[in-house]
Amino acid sequence: MNINVKKRNGRLVDFDVEKINRSAERACENLENVSASEIVLDAKIKLYDKVKTSEIDKSLISSASSKIEKDPSYNYVAARLLLNTIYKEVFGESVYSESFELQYHKSFIVNLKKLVKEGILDKKLTEEFDLKKLSEAINTSRDLKWKYLGIQTIYDRYLLHIEGRRMESPQGFFMRVAMGLALAEKENKEEWAIKFYDTLSSFDLMSSTPTLF
């Protein structure tokens, strides 16, 4: 029986176990005492025709997070797996390693404008800032600092969405908060936003929940 997988955009593709293996292997890169094969085996993925990729992703994340007590390194494995699902939502397409940086920076600008258009964000964010300059200041590698519980919390509570689809990456979220903080500055708003962003995204300081909202 041929099994199709249903992607987030509704497109059907042939099931390929190697894609699952590669996803787990990427999440385990440069981490000690973790096993990609164990994660895949223990995920107990339920296969049936037109199974959603989101269900496969959740199974892998659950498998990795269940091993955190066994070794703390799985905290980062589970976080990376969840990050990958966030990227798929935010980018609105598959995540490609060769164009990841472009996808990340482009989606920040495009999605911020969509959130303003929907009335979710203040239009001042697009009128008073050079979005290209702020996008270029985003450091995507800082996503790897997240542990699983932290990234799950911002996914559930803080990342802005439209009709259930997350529109912010973790670094885009920090930059958006930084822009809000910088709005009160009389001049050099971009410079202040970047300073605030660097402080937040490096975990040197974390704003309270009302500010993050």
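All residue numbers in this chain count up from 1 along the given sequence.
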Tell me, with the steps shown, if Phe129 and Leu183 meet side-chain contact (heavy atoms from CB on, under 4.5 Å).
-> CA-CA 9 Å; Phe129 291 93; Leu183 272 176; 3.6 Å; yes

Would you please test Tyr76 and Leu144 for side-chain contact (heavy atoms from CB on, under 4.5 Å) and show each step?
-> CA-CA 8 Å; Tyr76 295 101; Leu144 299 180; over 6 Å; no

Run the numbers on Leu134 and Glu190 for side-chain contact (heavy atoms from CB on, under 4.5 Å), then give the verdict.
-> CA-CA 7 Å; Leu134 295 184; Glu190 285 88 5; 4.1 Å; yes

Intermediate values then yes/no, side-chain contact (heavy atoms from CB on, under 4.5 Å), Tyr74 and Ser35 = CA-CA 9 Å; Tyr74 281 103; Ser35 169; 4.0 Å; yes

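Using a 4.5 Å cut-off on side-chain heavy atoms (C-beta onward), Lys44 and Ser59 make no contact. Gln171 is listed as a side-chain neighbour of Asp143, based on a closest heavy-atom distance under 4.5 Å. Two residues are said to be in side-chain contact when any heavy atoms from C-beta on lie closer than 4.5 Å; Asn84 and Asp57 fail this criterion. Side chains of Arg176 and Leu160 form a contact here, defined as non-hydrogen atoms less than 4.5 Å apart. Between Val77 and Lys67, the closest side-chain pair of non-hydrogen atoms is not below 4.5 Å. The closest side-chain heavy-atom distance from Leu81 to Tyr148 is not below 4.5 Å. When side chains are defined from C-beta on, His161 does not count as touching Glu89, because their heavy atoms never get closer than 4.5 Å. Side-chain contact between Met175 and Met179 is present, with at least one heavy-atom pair separated by less than 4.5 Å.
Ring centers of Tyr87 and Tyr104: under 6.0 Å apart, within the cut-off.
Under a hydrophobic-cluster definition in which Ile, Leu, Val, Met, Phe, Trp and Tyr are linked whenever side-chain heavy atoms come within less than 4.5 Å, directly or via other members, Leu212 and Ile86 are assigned to the same cluster. Cluster annotation: Val34 is not connected to Leu41 through the hydrophobic network of ILVMFWY side chains, with a link wherever side-chain heavy atoms come within less than 4.5 Å. By the criterion of side-chain heavy atoms lying less than 4.5 angstrom apart, applied directly or through intervening Ile, Leu, Val, Met, Phe, Trp or Tyr residues, Val110 is not grouped with Phe173; the two fall into different hydrophobic clusters. Both Val95 and Val90 belong to a single network of hydrophobic side chains, linked directly or stepwise wherever heavy atoms of I, L, V, M, F, W or Y lie under 4.5 Å apart. Both Leu83 and Phe100 belong to a common hydrophobic cluster when Ile, Leu, Val, Met, Phe, Trp and Tyr are linked at side-chain heavy-atom distances under 4.5 angstrom.
We find the NZ-CG distance between Lys113 and Leu125 to be 13.0 Å, quoted to the nearest 0.5 Å. For the atom pair CD1 of Ile194 and CD1 of Ile138, the computed distance is 10.0 Å after rounding to the nearest 0.5 Å. A distance of 11.5 Å separates CD of Glu136 from CD of Glu101, quoted to the nearest 0.5 Å. How far CD1 of Ile154 is from CZ of Phe174: 6.0 Å, rounded to the nearest 0.5 Å. One distance of note links CG of Asp122 with CG of Leu115; it measures 12.5 Å at 0.5 Å rounding. From Ile61, atom CD1 reaches atom OG of Ser66 across 12.0 Å, with rounding to the nearest 0.5 Å.
A salt bridge between Lys70 and Glu38 is present, with a side-chain N of the basic residue lying under 4.0 Å from a carboxylate O of the acidic one. Using a cutoff of 4.0 Å between basic side-chain nitrogens and carboxylate oxygens, Lys195 and Glu191 are not scored as salt-bridged.
Residues Phe108 and Leu131 share a closest heavy-atom pair of CE2-O, 4.1 Å. What you find for Ala193 and Ala182 is that their closest heavy atoms are N-CB, 3.7 Å. Between Met167 and Lys114, the closest heavy-atom pair is CE-CD, 3.7 Å. Residues Leu159 and Ser169 come closest through the heavy atom pair CD2-O, 4.1 Å. Looking at every heavy atom in both residues, Asn75 comes nearest to Leu149 through OD1-N, 4.3 Å. Closest heavy-atom contact between Ala178 and Tyr197: CB-N, 3.5 Å.
The environment of CD in Glu98 is crowded: more than 12 heavy-atom neighbours from other residues, nucleotides or ligands sit within 6.0 Å. Within 6.0 Å of CD on Glu32 lie no more than 12 heavy atoms contributed by other residues, nucleotides or ligands.
Remark: the Gln152 side chain and the Asp156 side chain contain an N/O donor-acceptor pair separated by less than 3.5 Å.
Side chain of Arg166 to main chain of Gly164: a donor-acceptor pair is present (N/O by atom type, distance under 3.5 Å, no hydrogens or angles). Side-chain N or O atoms of Thr199 include none that pairs as donor or acceptor with a backbone N or O of Asp204 at under 3.5 Å.
Cation-pi geometry between Lys189 and Trp192 is not met at under 6.0 angstrom from the ring centre and within 45 degrees of the axis.
Aromatic ring orientation, Phe203 versus Trp146: perpendicular (interplanar angle above 60°, classes split at 30° and 60°).
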